[in-house]
Amino acid sequence: MSPTVTSLEQIDLDISLAFVALGVARSAYARCPSGENAGAVDDAERAVNQLLDARLDTRR
């Protein structure tokens, strides 16, 4: 298996995990809308977006 495939597989796994973390953060915010939970949602969204950008960059 080439290093590129492994890298793509890792990015895809990281995206999946980050998306799950985003869901958890959103659930926590829905249960208790606090500044801390809002920040966690923002951080999780940022992580997902960064990983998606990295994934798109591999296709260029």
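Residue numbers count from 1 along this sequence.
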Residue pairs, two or more places apart or on separate chains, that pass side chain to side chain donor-acceptor pair (under 3.5 Å) and touch residues 12-22: Gln10-Asp14, Asp12-Arg55
Smallest separation among heavy atoms of Ala28 and Asn37, with atom names: O-ND2, 3.4 Å
Enumerate the residue pairs fulfilling salt bridge (charged side-chain N to carboxylate O under 4.0 Å, His left out) with a member in residues 16-25, sequence neighbours excluded, ordered by first and then second residue. none
So side chain to side chain donor-acceptor pair (under 3.5 Å) across residues 21-32, not counting sequence neighbours, yields Arg26-Glu45
Under a 4.5 Å side-chain heavy-atom rule over Ile, Leu, Val, Met, Phe, Trp and Tyr, are Leu52 and Ile11 clustered together? yes
On a heavy-atom basis, which atom in Val41 and which in Leu22 lie closest, and how many Å separate them? O-CD1, 4.0 Å
Rest of the hydrophobic cluster containing Leu17 (Ile/Leu/Val/Met/Phe/Trp/Tyr, side-chain heavy atoms under 4.5 Å)? Leu13
Under the side chain to side chain contact (heavy atoms under 4.5 Å, CB included) rule, collect the residues that match up with Ala40, sequence neighbours excluded. Ala25
Residue set satisfying side-chain hydrogen bond (donor to acceptor under 3.5 Å, both in side chains) with Asn49, at least two apart, ordered chain then number -> none
Using the salt bridge (Lys or Arg N to Asp or Glu O under 4.0 Å) criterion, which residues pair with Asp53? Sequence neighbours excluded. none
Residues forming a side-chain hydrogen bond (donor to acceptor under 3.5 Å, both in side chains) with Asp43, sequence neighbours excluded: Arg46
With sequence neighbours left out, what residues match Ala47 under side chain to side chain contact (heavy atoms under 4.5 Å, CB included)? none
